[in-house]
Every structure is written in C-alpha cells, then in structure tokens.
Enquirer: 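Please see the structure below; I have some questions.
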Amino acid sequence: MAWKPPPALQVVFYLILTALGIMGSTIHYERYLNSSQLEAVFYNDSPLLVLAGAGSGKTRVITYKIAYLINEMDLNPQNILAVTFTNKASNEMKDRVNSLLRVNVDVWIKTFHSAAANILRIMGNHFSVKPHFTIIDQQDQISIVRKIIRDLNIDPETYQPGKYAFLIDRAKDKLFNAEEAELEAFSTDSVFYDIYKIYEKKLGNENLLDFGDLIFKLTRGLEQNEQGLNLLKNRFRYILVDEFQDTNHAQYTLLKKLTHPEGNICVVGDEDQSIYGFRGARIENILSFSKDYKNSRIVKLEENYRSYQTILTASSHLINKNSGRFGKKLYTKKGEGEKIRFCRAFSDRDEAIFIAEEIQNLKYHDGYEYSDMAVFYRMNAQSRAFEYVFSRLHIPYIIIGGLRFYEREEIKDILAYLKLAINPMDEISLRRIANKPPRGIGEKTVDALVRSTIEKGYPIYQSESEIHIAPSRIPLVKSFLDFYVELKDLVHNTYPPQLLRILFDKSGYIEWLKDENKEEKVRNVYELYNAVEEYSKENQSSSISEFIEEVSLNQGGYDNKYQNNRVFLITLHNAKGLEFPVVFIAGMEEGIFPHYLSGESPADIQEERRLLYVGMTRAMEKLYLTAAKVRKLYGKSVERGLSNFVFELPEELVVFNEEKGTNNNGLIEDNTCGINARGFFQRRLGPQYLNADGEKKVKREPEIKVNNRVIHKHFGRGKVVEVENGVAVICFDDGKKMKFLLQYTPLEKEQ
DNA sequence: CCAATAAGTGTTTTT
DNA sequence: CACTTATTGG
C-alpha cells in the first residue's frame, strides 16, 4: 500500500511539485508495477489488448495508464475516456486515479451507458435525439410492452411481455431497429416485429430511451452524422475499456467508430470472466480484437496478487473445462494456503447457520472483521435465509443489489412526478402518478387525456380541442393539470431540495402515505430527499434532471459510506471486481448453480462455470463452498443434488464436511439459535462436521462397486457404471444417468 | 372510480 | 412465498 498523506499535505505537495515542474516524474511506475504491467502502461504505439487474469492488477494498470497518458504523454485529461460496466467499478476507478494524481482529474470515467447518455444530452441534436428525453428502466419497458400486447388484443399469457422486452433488447444489442430486425429475420416469431415496431414508435413519440437505446441511438447516429463523429473523435484521443469481454456487438461497434484502427485504444479483459452473455455480451469480441485492430499488441498479466495458490489451482482446474479460451497460467508468490472447504447442510437455513457460525469463529478466534467476509449466491432470493439467521445472531450484514432503493414504489412515484415535469410527453410517468394520491383520475380518465394530448403529439397540459372526459372529472383533471404546470415551470430553475419540498407539499403524497400508515415508505421518501440535498450540496449548479439522470443509470446503487464492518451478502454477478479475505459461495446445488433456467447447452453451462470461477477468485485467503440438501423456494421444500461443479474441483484441494439439521423438516425453532451469555454463538448441536484434517471422514457404503445393482431413495433402482474418487455414476432403470458423491448418497445394494 | 379481496402466477443474473 | 392482476361490491 502506498502511503497517503493527509489531504492538507496533499495540496501542499501538489503545489510544490507543480511549481517545480516535476509533477510528471512523481509517479514511481517501476516501484508499483511488475514488468507486464509496466509494458501495458507504457505501450502506446498501437492498439493494446491486455489479457488480465483475476487479481492480476488490471484496475491498477488502467489507473496508472491514465496517469501516464496525462503526465508523460501530455494528454489533456478531457481527451481521455475510460469506460467500465458498473457504476461501482467506475467510482472505484475515479477514486484511484484521483488519489494517484493527488488531484481531482477531469477524465471521463463512466459506464458505457452513462457515457452514451451524457453524449446524447450534450449533442443529441447531431444524432436526431431530442433533448430532455427520459431514460426508462426495465420495469417501465416491460409495462410498455405489456400495454402494447393488451392493445393488440393478444393474450399476455402466451405472449409474455418480459420475453418480448428481452428480444427488443437483444435486437438493439445487434443494432437492429424494428424494420431491420424483420429484414434480417432476427426472430422466428412474427408477432415480435409488430410489437417492436409499435414499441419503437411509442418511445419515439414520448421521447423515451431505454437502456439499449442509449448505445443504439448513439452508434447509429455516428454512422449517419459525420460532423458529430468528428467532434467526438476530436474530443476522445484515447479510450480505455475495462471488462472488455462483456461488451456486446453495439458497444464494440461504438468503440470501433470512435477510435482509429491503428491506435488510441486499450482494452482490458479476461475471457474467463465473461458472465453477461444473457444480455448480449460477446466473448468473441476479445478474440476478434486483433483482427479488427491491425498491429495490435497483446499483453498478458498472469501474476496474481490476491489469492493463495490453492484457490488459484482449484479455480484454474475448474475453468479448464471451458473451451474457446486464450488460456493462461495464473500464479502467486503468496504460498499454498489452506484447503477449500465444502459443507453440505440439511436445509437452506442450516446452511446459513453453518456460515454464520464460521463467521463468528473467524471473527472471535481468527481475528477477521465482518467486512473481511462475504457470502455469494446465484440469485437474490437466496439472501433471505441469511438475513433471517444473521439478524437473529446479531451478525451485521449489508445486502448488495436485491430490492433496490430506486426501484421502490414510493421512490419511483416521486421520481415520476419529476420526470413528467421534465418531459410532458412521458405517458409512463403520467400513468404512474395520475391517481397517487387518489384524486378521482382513474384509468379511463387518463386514457381520455392521453388520447387527446400525447397520442396527438401534444404535451399533457395542452390540447387542440376539448378533452372528452366525463363532466364530473373535468374540475379534477383541471386542478391536476394546474398543479402540473406549476411544477413544470419550477423544475429547471429551482434548487432541487426546494423543488422537492414544494412537490411533497402540493401533491399531498406524503400526507397520503401517512394516512395509510405506510411509515416505511414515508421514511424512504425522506431518504430520497436527503439524497437530493446531499447531491445538491456537492453539485451546486446542478438541476434535478442531472440527479435523475444519475439515479436512472445507477440501478444497483449502494452507499457503503456508513456501512462499515458488515458481512457482504451479494450475488455472484455483483461480486465481480471485488475481493474478500474470506468468501462463502452458497447454494452449490444442481438447479440453483448452475441455474435451471440458464439452459443446458454447453455455452450456457460454460457461462455458469465462469460465474463460479469469478466467485472463487474473489477469495484471498479462505474459500468455502456450501450446499443444502433441501431448499425452501417459493413456499415449497425441494430436495436437490449437488452441483456438478463441485465434482469438477480437484479433490485433493477440498475438505468435505457435513452438517446436519436438527429435524426432518429442516426447520429450526427461533429460540434454538442465539448468542450465549459470553457473547458467543450457541449452536444447537455439538459439531457434527469434520475437522479440517478430514480424519474422521466416515466412508459410507464403501463397498459400492462397478456393476453393483443399487436402490436410491428417490431415483429408484439402477446399475453402477463407474466409480472414481468417491463419485459413482449410476444408470437408473428409467434411463436417467446421474453422478453421486458416495459419501452423501443414501444407497442400498439390491439383494 | 375506488378499495378491498380473491385469485393466480412465476419464479436468474444487470446497465 | 410474495407479489401482481382480476374481480367484486360499494
């Protein structure tokens, strides 16, 4: 770790160094970078592809490279664009660049989507994008599609809105508008084209852009407007891309437009960490980079600074099962480290208890802090068991993702008022708040209002003729529109917190929540107010529309400023880019991980495998994998087999333990878990799982051999066709072929 | 038009 | 299980 002087001293240093004109030589690249990293930072003669293994310091390379470009190559910070995929990553990179250069630099370090949105805001006129567009999220997108499907008078059961929204996104990833999608036979489902066409028209009419549009409209715009393209090429003289393996076709095309085929681009990626195929990411981009950019240089980073060798060996062994890789050999100087531990609990709650207990042990006996430890899972729903157990055992935790703050109903409502004030064509927002709180403007009335305004191309407060609504509703609508006009006139030039106070006051929204006893929601709305206030303090001249822009693009936003020393509960997808001394990966069951909806094709399984690889390589010191025999999901308990991935780990590097639940239904009474008088976790039973030496390993049914006839409690009769390393392959009489870990499988020999 | 209630439903990952 | 949508009666 580099020593960081206190802020006041930093300023003094900076002033002295700048005055002496030696600021440029104050970064000791050689001291903090290894030889491959140095090469990646210094090389600028042609396009550069950095293949950076997990934990090999890729963020470090990007931050030092930005510093190098500014200090050594005399590039103006404004001429540099660095793109990442998540806000988390871009914030971290910003912090690291600023602290390296000891000054807040004016480099654009943004996500793809926010960079595109910013460009479209500033110079949308070049790309036929109207100003003041509203960015819609996935929920909005689906509800628009749902409405289209209903209007088409087709059954939303067979024509699922979510599915069509998904297809629209994928088409945009491939740079197809509705017409082109049809010409190119993008889908075999002809209804899709009708839906996409109407959707496209509706968004255009209401001046809405979905996430895909941000990239699509900009890329399309660059193809059609040379002036705009030149302006941008002039502005961005060097582009750096993080997590390049996650780019989709549209994003890659955008990059190719903005850069020269012979230089000024550096992409950093790892084909083994591509986990966003489901949203159009093309792992092939990383493979075709060398073809598209002539004379490009490839630098591999293979020294890992994060994990012990055992973790690297095990994860490499796993990922070696994938095909289509460059291949790499990660190594570390940190030494062997401990074995990976695997535990299968009886129920999902037992699994959480096992992890909770380990966490307490590690904290009280091994000196780990809560914030050193993280639990990863495949889907957000799995966090429930941990929340339940952790809160009863007083283990502080923070959930990343999950129910997001800005996706809460009350927050979206308040934002909808503001979005509508900015964009009077935004039907989605209008429908959201027209009758919240109830003011006698129901669906029919809104329909009538929309028909004579938005659908005819007028803002909602203006119409060419009388609006045909029931006479009893006229005064109600009129007073709503009066309020609306007042808000609209204030929205661009009122101090945002002031604006919110007026909104709360005149809409009656908070009063309504209070009347309904929605205390939690009231608190959240005030929380939003606090966020706006804080934002306004930090960005004095910004209007509310900039705040909204930020939160629209910061879907998973979390603030760990006040969340110190908590265990992280996080999905594997969100865990990318993070690292923890201790990592638990929960739910290692077939159907959960790999997830049963992820598909059965080799490509899908490979992506799931990469996801596990990402998870494992987050661990610095200790890694646990856990599973439950019985998992309660949507009310029902289901028994599942172990994830096949468990069998893909090198057996000699894993210690297998087993923990059992108390009773047959896997339920644990509340009062059986708790903290005892000395402040330690009190377990329900004595330790049943085995120690780390694995000596007490009880071999179950050791006599099971090839060609034995066996009976499985659930799958019935079958024949053993293979036994190796404690794993048996059994071919059941109904034709099913399955693998089992003998130690945990209740098998009887058939007499 | 609205609130309450009943029925039903669908379950991944994210910008 | 938890959440959305449909139905009903006021």
Enquirer: Calculate, to the nearest 0.5 Å, the distance between atoms CG and OG1 belonging to A/Asn118 and A/Thr111 respectively.
Expert: 9.0 Å
Enquirer: Could you check whether A/Arg279 makes a cation-pi contact with A/Tyr276, meaning its NZ or CZ is under 6.0 Å from the centre of the six-membered ring and within 45° of the ring axis?
Expert: yes
Enquirer: May I ask you to list the residues of residues 379-387 of chain A, by number, that have any heavy atom positioned under 4.0 Å from an atom of DNA chain B?
Expert: A/Met379, A/Asn380
Enquirer: Distance criterion of 3.5 Å, no angle test: do you see the side chain of A/Glu607 paired donor-to-acceptor with the base of B/dT13?
Expert: no
Enquirer: Find which nucleotide of DNA chain B each of A/Lys444 and A/Tyr276 is nearest to by heavy atoms, and output the residue with the more 5' nucleotide.
Expert: A/Lys444
Enquirer: Atom pairs, N/O to N/O, protein against nucleotides 9-11 of chain B, distance under 3.5 Å?
Expert:
none

Enquirer: Write out a two-atom table: protein N or O, nucleotide N or O from nucleotides 5-7 of chain C, distance below 3.5 Å.
Expert:
{"from": "C/dT5", "atom 1": "OP1", "to": "A/Arg146", "atom 2": "NE", "distance (Å)": "3.4"}
{"from": "C/dT5", "atom 1": "OP1", "to": "A/Arg146", "atom 2": "NH1", "distance (Å)": "2.9"}
{"from": "C/dT5", "atom 1": "OP1", "to": "A/Arg146", "atom 2": "NH2", "distance (Å)": "3.4"}

Enquirer: Please classify the nucleic acid contact of A/Ile441 as base, sugar-phosphate, or nothing, using heavy-atom distances under 4.0 Å.
Expert: sugar-phosphate
Enquirer: Quick one: sort the A/Tyr164 and A/Phe192 rings into parallel, tilted or perpendicular, breaks at 30° and 60°.
Expert: parallel
Enquirer: Identify whether NZ of Lys or CZ of Arg in A/Arg349 sits under 6.0 Å from the centre of the six-membered ring of A/Tyr388 and within 45° of that ring's axis.
Expert: yes
Enquirer: Side chains of A/Glu243 and A/Gln245: donor-acceptor distance under 3.5 Å anywhere?
Expert: yes
Enquirer: Going by centres under 5.5 angstrom and planes under 30 degrees, do the aromatic ring of A/Phe278 and the base ring of B/dT13 stack?
Expert: yes
Enquirer: Quick check for you: to the nearest 0.5 Å, what is the distance between A/Lys576 atom NZ and A/Ile570 atom CD1?
Expert: 12.5 Å
Enquirer: Using a distance-only criterion (donor-acceptor N/O pair, under 3.5 Å, no hydrogens), is the base of B/dT12 paired with the side chain of A/Arg378?
Expert: yes
Enquirer: Closer than 4.0 Å, any side-chain N/O of A/Asn435 to the OP1 or OP2 of B/dC2?
Expert: yes
Enquirer: Under 4.0 Å, counting only non-hydrogen atoms across every strand here, what does A/Ser114 touch: a base, just sugar-phosphate, or nothing?
Expert: nothing
Enquirer: I'd like to know if the side chain of A/Glu351 pairs up with that of A/Thr626 as donor and acceptor (distance under 3.5 Å, no hydrogens or angles considered).
Expert: yes
Enquirer: Report yes if at least one side-chain N or O of A/Thr571 is closer than 4.0 Å to OP1 or OP2 of B/dT12; otherwise report no.
Expert: no
Enquirer: Is the charged tip of A/Arg170 near the ring of A/Phe166: under 6.0 Å from the six-membered ring centre and within 45° of its axis?
Expert: yes
Enquirer: Which part of the nucleic acid does A/Phe112 contact within heavy-atom distance under 4.0 Å: base, sugar-phosphate only, or nothing?
Expert: nothing
Enquirer: What distance, rounded to whole Å, do you find between the two P atoms, one in C/dA6 and one in B/dT11?
Expert: 16 Å
Enquirer: Using 30° and 60° as the class boundaries, would you call the ring planes of A/Phe593 and A/Phe645 parallel, tilted or perpendicular?
Expert: perpendicular
Enquirer: Regarding A/Glu387 and A/Ser383, is there a side-chain donor-to-acceptor distance under 3.5 Å anywhere?
Expert: yes
Enquirer: Name the orientation class of the two ring planes belonging to A/Tyr535 and A/Phe547 (parallel below 30°, tilted from 30 to 60°, perpendicular beyond 60°).
Expert: perpendicular
Enquirer: Hey, is the side chain of A/Thr445 poking within less than 4.0 Å of OP1 or OP2 on B/dC1, counting only N and O atoms?
Expert: yes
